[in-house]
Structures are given as structure tokens and as C-alpha cells.
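Take a look at the structure set out below.
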Amino acid sequence: MTSSIQITVAQVPEKVPFDRLVEILLAAFAFQDGIVDPPSSAKSVNVSELQWRFARDTLILAHDQNGTVVGQVWIEDIGKDAYLYKLSVAPAIKGGGIGRALVEAACAFAAKNGKEMMRLHVRVELRDNIAFFRSRGFEVVGEGIHDGYDRPTFWKMARRLSV
């Protein structure tokens with residue numbers, strides 16, 4: 001599937017289909033309802049938030065052969081490292097390698113920009129997501145606890161980048 005997918009770094013907000021990005025995020029994270037506690041912040045994402053994030057962070061998009069956006073990943077600059085978040089692929093085509101391609105593009109982008117590590121958080125309940133990121137070279141490097149909880153609610157994962 002990835003052979004017909006084009007991965008790009010979004011450059012200007014006027015060319016970003018923010019409505020489509022919200023649609024993909026909500027659909028891709030919907031399976032977490034009733035699984036993760038606390039609920040994912042992705043449930044409340046909207047166009048305004050993504051526009052704000054676009055002004056601050058880097059957005060990498062996956063487009064199908066028709067130019068339709070089918071996936072996204074965001075990268076935040078956190079000093080010597082980068083933080084990967086909101087990786088999402090349209091559920092109808094999930095499993096075709098688009099997520100892998102987006103992660104690899106994000107890591108290559110961060111490495112090209114001198115970052116040492118790519119970091120991310122993944123909920124402890126999401127074993128398939130943890131396995132996916134492990135398959136991409138990430139390791140669990142710590143745990144995190146959301147405010148108000150007395151147990152780990154997410155794993156901190158990291159991958160060393162080739163600079």
C-alpha cells in the first residue's frame with residue numbers, strides 16, 4: 001500500500017486540510033473509548049487546536065494517489081530531542097504501512113534537524129500500539145502518571161536517531 005502513498009512535510013497552513021485531519025484523528029482514536037483511562041485528549045481535538053499546533057510544531061502528512069490526506073504525525077521540538085504525537089491513519093486503510101512510513105519520515109526529519117532521540121508516550125492499555133512502536137525501534141524508557149491517578153497511565157518510549 002505504501003508504494004502509492006506520498007509523504008510530505010506540510011509547509012503552509014493554507015494547504016493543510018485541518019477539517020480532514022480532525023476527522024482522521026477522531027476516527028483513528030475512537031477505538032480507545034472505554035479502554036484508556038483517562039480518556040484520550042484526541043477526543044477533544046478541533047481545527048483551532050490543530051492550527052495552533054501547526055504554528056508551533058511540524059506536521060507530516062500521508063496522501064493517497066488522489067492527493068487525499070490519509071494519515072498524519074506531528075513532531076514537537078523539545079530541545080536536543082523531538083516528541084512524536086497524534087500519529088493517525090484513516091481506519092479504513094490502517095495496517096497498510098502508512099503508520100510505519102509516517103514514523104520513519106518523522107524520525108528522518110528529526111535526525112536531519114540534529115535531534116538525538118525521538119520520544120513519545122503511549123497508554124499502558126494499548127498493547128498493540130506499544131508493540132508497533134517497539135517494531136519501529138522504540139524502547140520503554142520510563143512511565144508517566146496523569147494528574148489525579150495513583151498508577152502509571154502511560155509509558156515513555158524513545159528511539160535513538162542517526163544524526
[atom2] on [Y] to [atom1] on [X], rounded to 0.5 Å:
X: R119; Y: I78; atom1: CZ; atom2: CD1; result: 6.0 Å
X: I5; Y: L102; atom1: CD1; atom2: CG; result: 9.0 Å
X: D33; Y: S40; atom1: CG; atom2: OG; result: 8.5 Å
X: W155; Y: N129; atom1: CH2; atom2: CG; result: 14.5 Å

Just so I know, are the side chains of [X] and [Y] near enough to count as touching, which here means a heavy-atom distance under 4.5 Å?
X: V22; Y: E49; result: no
X: D64; Y: S4; result: no
X: F132; Y: L87; result: yes
X: F133; Y: L84; result: yes
X: I75; Y: D57; result: no
X: S48; Y: F18; result: no
X: E76; Y: Y85; result: yes
X: V124; Y: I130; result: no

Closer than 4.0 angstrom, basic N to acidic O: yes or no for [X] and [Y]?
X: E104; Y: R100; value: no
X: D37; Y: R123; value: no
X: E143; Y: K156; value: no

query: For T58 and F109, what are the C-alpha separation, side-chain angles and deciding distance, and is it a side-chain contact (heavy atoms from CB on, under 4.5 Å)?
result: CA-CA 9 Å; T58 300; F109 178 89; 3.6 Å; yes

Over 12 non-hydrogen atoms of neighbours within 6.0 angstrom of [atom1] in [X]:
X: D128; atom1: CG; result: no
X: R127; atom1: CZ; result: no
X: E125; atom1: CD; result: yes

- request: Assess the side chains of Q72 and W74: does a donor N or O sit below 3.5 Å from an acceptor N or O?
  value: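 Yes, side-chain donor-acceptor contact under 3.5 Å.
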
- request: Would you check if there is a donor-acceptor pair between the side chains of T8 and H63 at a distance under 3.5 Å?
  value: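 Yes, side-chain donor-acceptor contact under 3.5 Å.
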
- prompt: Does the pair V89 and V70 meet the rule for a side-chain contact (heavy atoms from CB on, under 4.5 Å), with working shown?
  reply: CA-CA 6 Å; V89 174; V70 294; 5.5 Å; no

- request: Output all residues satisfying side-chain contact (heavy atoms from CB on, under 4.5 Å) with D77, sequence neighbours left out; order by chain, then residue number.
  value: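 Per chain and number, D77 pairs via side-chain contact (heavy atoms from CB on, under 4.5 Å) with K115.
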
query: Does M117 offer a backbone N or O that forms a donor-acceptor pair with the side chain of R159 under 3.5 Å?
result: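 No, R159 side chain to M117 backbone: no donor-acceptor pair under 3.5 Å.
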
- request: Ignoring hydrogens and angles, tell me if any N or O in the side chain of D81 forms a donor-acceptor pair with the backbone of M118 under 3.5 Å.
  value: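 Judged by distance alone, no pair lies under 3.5 Å.
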
- request: Of all the heavy-atom pairs spanning A110 and L161, show the shortest one and how long it is.
  value: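 Shortest heavy-atom separation between A110 and L161 comes out as CB-CD1, 3.6 Å.
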
task: Look at the side-chain heavy atoms of Ile, Leu, Val, Met, Phe, Trp and Tyr, link any pair under 4.5 Å apart, and say whether I24 and F31 land in one connected group.
output: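 Different clusters: I24 never reaches F31 through Ile, Leu, Val, Met, Phe, Trp or Tyr contacts under 4.5 Å.
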
In one Ile/Leu/Val/Met/Phe/Trp/Tyr side-chain cluster, 4.5 Å: F138, F154: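 Not linked; separate clusters.
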
task: Measure from the ring center of H121 to the ring center of Y83 and say whether it is less than 6.0 Å.
output: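 Judged by ring-centre distance (under 6.0 Å), H121 and Y83 do meet the cut-off.
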
